[in-house]
Visitor: 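Sending over a structure as structure tokens; questions will come in a sec.
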Amino acid sequence: MNDHIDSIESKTDFYGSSVNSIIRLLNFMIDTLVWLILFLSVAYVFDLYFVRFNSYIINYTYSIFLGIVIYMGYYSLLEYNFHRTLGKFLTRTKVVNANGGAITFSTILIRTVSRLIPIDIFYYLFSKTGLHDRLSNTLVIKTNASNSLS
């Protein structure tokens, strides 16, 4: 499977070429900032109007749960519906399966859950693709600038 992904990464003729590490880092930074803003906004509204606990442990657990739900929703919904997150939209990249085609929701779910593996962010030190790319059999590729919504 990894040889298959590596051979696809070297191709530049379907949709565009696979993306370098700098663009992937930029995607990560933009998406993390967007997620953080969403999380803090929702947490503020929930704390202000809905949920207020008297226990530090319950508040901590609730915050982690809320953060994961927003994280899963952000990546899953955007990548499934648009094949890109805000970061990928700004850098004109998108997610495709290893054959260059459309991705299924189960593939996106595997991709999103795999991002939560703690070593995923460090995987780029040893590979051009992320661990979540390898586990979900997906690629992030450049899109045509004139057709950036496809």
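In this chain, numbering begins with 1 at the start of the sequence shown. Everything quoted here is computed from the prediction, not taken from an experiment.
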Visitor: Between Asp120 and His132, is there a donor-acceptor pair closer than 3.5 Å when you use the side chain of the first and the backbone of the second?
Guide: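 Yes: the side chain of Asp120 pairs with the backbone of His132.
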Visitor: Check for a donor-acceptor pair, side chain of Asn27 on one end and backbone N or O of Arg24 on the other, with a separation under 3.5 Å.
Guide: no
Visitor: For the side chain of Asn97 and the backbone of Ala102, is there at least one donor-acceptor N/O pair under 3.5 Å apart?
Guide: yes
Visitor: Is the closest side-chain heavy-atom distance between Val42 and Phe46 below 4.5 Å?
Guide: yes
Visitor: Are Arg84 and Leu78 side-chain neighbours, meaning at least one heavy-atom pair lies under 4.5 Å?
Guide: no
Visitor: Is there a path from Ile70 to Ile37 through hydrophobic residues (I, L, V, M, F, W, Y) whose side chains come within less than 4.5 Å of each other?
Guide: no
Visitor: So do the side chains of Met72 and Ile68 get within less than 4.5 Å of each other, counting heavy atoms only?
Guide: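 A side-chain contact under 4.5 Å exists here.
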Visitor: Quick one: side chain to side chain donor-acceptor pair (under 3.5 Å) partners of Thr107, sequence neighbours excluded?
Guide: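 Residues passing side chain to side chain donor-acceptor pair (under 3.5 Å) with Thr107: Thr104.
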Visitor: Who passes side-chain contact (heavy atoms from CB on, under 4.5 Å) against Ile22, sequence neighbours left out?
Guide: Asn20
Visitor: Nearest 0.5 Å please: distance from the CG atom of Leu139 over to the OG1 atom of Thr93.
Guide: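 Interatomic distance, Leu139 CG to Thr93 OG1, rounded to 0.5 Å: 12.0 Å.
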Visitor: My understanding is that only residues two or more places apart in sequence, or in another chain, count here; which of them pass side-chain contact (heavy atoms from CB on, under 4.5 Å) with Ser55?
Guide: Ile57, Ile58
Visitor: Between Asp47 and Ala43, is there a donor-acceptor pair closer than 3.5 Å when you use the side chain of the first and the backbone of the second?
Guide: no
Visitor: State, to 0.1 Å, how close Thr129 and Tyr123 come at their nearest heavy-atom pair, and which atoms those are.
Guide: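 It is O-CD2, 3.3 Å.
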Visitor: With distance as the sole test, does Thr143 use its side chain to make a donor-acceptor pair with the main-chain N or O of Arg92 at under 3.5 Å?
Guide: yes
Visitor: Return the set of residues passing ring pair (Phe, Tyr, Trp, His ring centres under 6.0 Å) with Tyr74 (not counting sequence neighbours), or none when no residue passes.
Guide: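 Applying ring pair (Phe, Tyr, Trp, His ring centres under 6.0 Å) to Tyr74 gives none.
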Visitor: For Leu86 versus Asp31, what's the shortest heavy-atom pair and its separation?
Guide: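 Nearest heavy atoms, Leu86 then Asp31: N-OD1, 3.7 Å.
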Visitor: If two hydrophobic side chains count as joined below 4.5 Å and joins carry through other members, does Val69 share a cluster with Ile117?
Guide: no
Visitor: With the threshold set at 4.0 Å, does a side-chain nitrogen-carboxylate oxygen contact exist between Lys88 and Glu79?
Guide: yes
Visitor: Can you say whether the rings of Phe39 and Trp35 are parallel (under 30°), tilted (30 to 60°) or perpendicular (over 60°)?
Guide: parallel
Visitor: Give me the atom names and distance for the closest heavy-atom approach of Leu135 to Ile110.
Guide: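 Scanning both residues completely, I find the closest heavy atoms to be O-CG2, 3.8 Å.
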Visitor: Say you draw a straight line from CZ of Arg115 to OG of Ser76; how long is it, rounded to the nearest 0.5 Å?
Guide: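 If I round to the nearest 0.5 Å, the distance is 8.5 Å.
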Visitor: When you check the side-chain N and O atoms of Arg134 and Ser127, is any donor under 3.5 Å from an acceptor?
Guide: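 A donor-acceptor contact under 3.5 Å links the two side chains.
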Visitor: Could you work out, with side-chain contact (heavy atoms from CB on, under 4.5 Å) as the rule, every residue matching Leu36, not counting sequence neighbours?
Guide: Leu40
Visitor: For Tyr80, enumerate each residue passing the side-chain contact (heavy atoms from CB on, under 4.5 Å) test, keeping only those at least two apart in sequence or located in another chain.
Guide: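 Here the qualifying residues are Phe105, Ile108.
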